[in-house]
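Structure first, commentary second.
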2 protein chains.
Amino acid sequence: MAARMTGMPGGNLTRTTLDTLGRAIVTGEYDETPFPTEAEIGKAHGISRSVTREAVKMLTAKGLVSARPRQGTVVRPAAAWNLFDPDVLHWLLDRKFSVELLRQFNQLRVAIEPEAAALAAVAADDDDQARIADGLARMAAAERGEDDPLEADIDFHVAILLAAKNPFYAQFREMVATALNTSIRFTNTIVGRSASVEQHAAVAEAIAARDSVAARSAMRALIGDVLDLIDARGAV
Amino acid sequence: MAARMTGMPGGNLTRTTLDTLGRAIVTGEYDETPFPTEAEIGKAHGISRSVTREAVKMLTAKGLVSARPRQGTVVRPAAAWNLFDPDVLHWLLDRKFSVELLRQFNQLRVAIEPEAAALAAVAADDDDQARIADGLARMAAAERGEDDPLEADIDFHVAILLAAKNPFYAQFREMVATALNTSIRFTNTIVGRSASVEQHAAVAEAIAARDSVAARSAMRALIGDVLDLIDARGAV
DNA sequence: AGGCGGACAATTATACGACGAATGCAATGT
DNA sequence: ACATTGCATTCGTCGTATAATTGTCCGCCT
């Protein structure tokens with residue numbers, strides 16, 4: 001009887017259940033219908049109540065639901081969701097690729113990354129500089145078709161986030177990675193990225209020259225362009 | 001035999017266990033000694049394994065630990081922690097009030113809040129404007145000893161974050177609140193906040209005038225001053 | 001008739017016990 | 001010395017039972 005979904009990646013039952021429920025919640029599957037009870041979830045997925053409870057507890061930890069006796073488990077308003085949780089963000093970006101969400105996320109990037117570049121200009125050590133330079137080199141190589149453009153782009157931005165030497169900025173690492181990953185098909189199909197490498201180079205040079213102000217404005221220009229692109233497209 | 005810690009706030013056993021374990025982890029209690037087994041945790045706290053597992057699962061959801069059979073549960077490196085989780089941030093700020101952490105957090109605020117103010121200048125509706133004005137008024141009142149300065153300050157900043165009309169910015173709501181809450185005893189004991197109200201007023205006026213640029217720079221100046229304060233103190 | 005209080009029921013919270021699966025480690029044999 | 005095998009440990013999963021909480025509803029009192 002048990003579903004025995006051991007074929008799924010992650011192997012672990014609780015994890016797969018968490019994923020399924022998380023996705024269902026962010027796709028608004030329980031906006032009208034009430035969230036099922038533990039017993040119902042278990043029956044529907046062919047899992048025991050222990051597994052169900054652990055998955056629900058993890059959803060609770062991420063702010064997606066809250067549970068009380070007699071009331072049942074209820075989906076919390078989206079404002080209470082922990083958007084910076086990698087899982088939650090992943091589910092959100094996967095659900096249907098909303099341009100609106102992409103715009104909002106890049107509005108965040110335009111705040112974070114310029115400041116990260118400014119901090120990096122001050123705090124980056126030799127390893128950080130090397131990593132940034134490497135990311136840039138890979139972007140240039142990708143331009144010539146010799147490397148993966150997405151990976152290179154991600155590496156570059158992540159290198160700067162890490163070079164800021166601030167754990168809060170480092171936190172955006174996985175977020176930027178997943179967001180870039182899902183947004184690339186959008187931004188890249190619109191415009192050639194010929195200018196992009198130059199802009200990235202400007203950022204890298206400013207950081208290498210330890211010029212905080214220049215690094216900040218270069219990065220702001222870079223992401224600002226992406227935002228303009230999205231706004232232009234979104235306003236259609 | 002069971003500890004019956006029903007006197008604790010939050011009432012719920014799993015929650016209190018989560019809190020205890022979370023605090024222990026961020027205070028580095030398991031940096032040397034290995035993380036205990038589920039059975040050990042249960043025995044130590046006088047709780048069943050179910051509760052233990054659910055608490056550990058929540059820690060897993062927040063990125064603090066990872067578990068594998070035979071290997072046991074291990075504390076993940078701090079870089080993997082979900083710093084933007086309200087619980088995690090709370091535990092961190094509570095642990096011993098590190099000036100370094102406060103500085104790093106305000107380095108984040110100096111990225112977020114000016115941009116939020118700029119967005120608010122564009123997107124704020126009448127309710128948002130009213131809330132911002134109210135926060136400012138309360139700060140002024142607090143200046144005269146007629147209101148709680150901390151609450152007023154928090155309300156003001158939160159109002160701007162919400163006015164940005166971007167869920168990612170709204171996310172910082174609880175973070176700024178808790179951080180301000182714990183940092184107030186630090187920043188407030190150093191300098192009188194006479195100038196502070198004026199700076200806040202400048203931000204509010206710029207937003208009311210729908211002047212993004214002015215709002216951004218005013219907010220940047222405000223938090224920049226806080227940062228300078230911390231840097232001056234931290235550099236002793 | 002209307003408000004109020006208590007019984008009832010539904011649902012999560014907690015607990016206990018058992019078995020399975022994975023895996024690091026050691027013993028063992030070649 | 002090395003590969004293989006067996007073992008012990010620990011998390012993973014399951015099932016069931018009981019407690020606690022609280023919304024709902026019914027009946028009683030005013």
Side-chain angles (χ1 to χ4, degrees), chain A residues 1-21 25 30 33-76 80 87, chain B residues 1-22 24-25 30 33-76 80 87:
Chain A
M1 181 185 288
R4 280 282 147 255
M5 46 174 98
T6 42
M8 212 149 170
N12 162 318
L13 256 193
T14 305
R15 174 74 215 178
T16 62
T17 306
L18 168 67
D19 235 68
T20 305
L21 291 177
I25 290 173
Y30 303 111
T33 63
F35 198 80
T37 67
E38 292 175 354
E40 288 169 348
I41 296 174
K43 180 171 293 185
H45 291 66
I47 55 179
S48 77
R49 209 179 135 213
S50 313
V51 177
T52 304
R53 279 187 61 79
E54 282 162 20
V56 170
K57 279 290 182 194
M58 293 181 83
L59 289 174
T60 305
K62 293 172 187 299
L64 297 209
V65 304
S66 74
R68 281 169 49 195
R70 169 64 197 180
Q71 174 184 343
T73 307
V74 295
V75 176
R76 296 178 67 188
D87 287 329
Chain B
M1 178 184 286
R4 281 277 148 258
M5 47 174 95
T6 43
M8 212 151 172
N12 159 317
L13 254 193
T14 305
R15 174 75 215 177
T16 61
T17 306
L18 168 68
D19 234 70
T20 305
L21 291 176
I25 290 173
Y30 303 111
T33 62
F35 197 79
T37 300
E38 290 177 354
E40 290 169 347
I41 295 173
K43 179 170 294 185
H45 291 66
I47 56 179
S48 77
R49 200 178 149 211
S50 315
V51 177
T52 303
R53 278 186 61 81
E54 281 162 18
V56 171
K57 279 292 181 200
M58 292 181 82
L59 289 174
T60 305
K62 293 171 187 300
L64 296 207
V65 304
S66 74
R68 281 169 50 195
R70 167 63 198 178
Q71 176 184 341
T73 306
V74 296
V75 175
R76 295 179 67 188
D87 287 329

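Chain naming here is simple, since letters A, B, ... match the order of the sequence lines and numbering starts at 1 in each.
Taken to the nearest 0.5 Å, the CG atom of Leu64(B) stands 9.0 Å off from the CZ atom of Phe35(B). Considering OG1 of Thr20(A) and CZ of Arg15(A), their distance stands at 10.0 Å, rounded to 0.5 Å. Put simply, CG on Leu21(A) and OG1 on Thr16(A) are 9.5 Å apart, with the number rounded to the nearest 0.5 Å. Atom OG1 in Thr14(A) sits 14.0 Å away from atom NZ in Lys57(A) (nearest 0.5 Å).
Contact annotation: the side chain of Thr60(A) approaches that of Met58(B) to within less than 4.5 Å [non-hydrogen atoms, C-beta and beyond].
Atom P of nucleotide dG15(D) and atom CD1 of Ile47(A) are separated by 11 Å, given to the nearest angstrom. Atoms CD (Glu38(A)) and C1' (dT14(C)) sit 11 Å apart, rounded to a whole Å. In this structure, NZ of Lys43(B) is placed 12 Å from P of dT10(D), rounded to the nearest angstrom. Ile41(B) places its CD1 atom 12 Å from the C1' atom of dT10(D), with the value rounded to the nearest Å. Distance, Asn12(B) CG to dA13(C) P: 6 Å, rounded to whole Å. Distance Leu18(A) CG to dG12(D) C1': 15 Å, rounded to the nearest Å. Atom-to-atom, CG of Leu13(A) to C1' of dA21(C) comes out at 12 Å; the value is rounded to the nearest Å. Counting to the nearest Å, the P atom of dC11(D) and the CD atom of Gln71(B) are 10 Å from each other.
For Arg76(A), the side chain to side chain contact (heavy atoms under 4.5 Å, CB included) criterion is met by Ser66(A), Ala80(A), not counting sequence neighbours. Partners of Ala39(A) by side chain to side chain contact (heavy atoms under 4.5 Å, CB included), not counting sequence neighbours, listed by chain and number: Thr37(A). For Lys62(A), the salt bridge (Lys or Arg N to Asp or Glu O under 4.0 Å) partners at least two apart in sequence or on another chain are Asp85(A), Asp87(A). Listed by chain and residue number, Ser48(A) satisfy the side chain to side chain contact (heavy atoms under 4.5 Å, CB included) test with Ser50(A) (two or more places apart in sequence, or in another chain).
A close approach under 4.0 Å does occur between a side-chain nitrogen or oxygen of Arg68(A) and OP1 or OP2 of dG23(D). The phosphate of dT14(C) has OP1 or OP2 within less than 4.0 Å of a side-chain N or O from Thr14(B).
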What pairs of nitrogen or oxygen atoms, one from the protein and one from nucleotides 7-9 of chain D, lie under 3.5 Å apart?
{"unit_1": "dT9(D)", "atom_1": "O4'", "unit_2": "Arg70(B)", "atom_2": "NH1", "d": "2.9"}

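With hydrogens and angles left out, the side chain of Arg15(B) and the base of dA13(C) share no donor-acceptor pair within 3.5 Å.
Within residues 50-61 of chain A, the residues approaching DNA chain D are Ser50(A), Val51(A), by heavy-atom distance under 4.0 Å.
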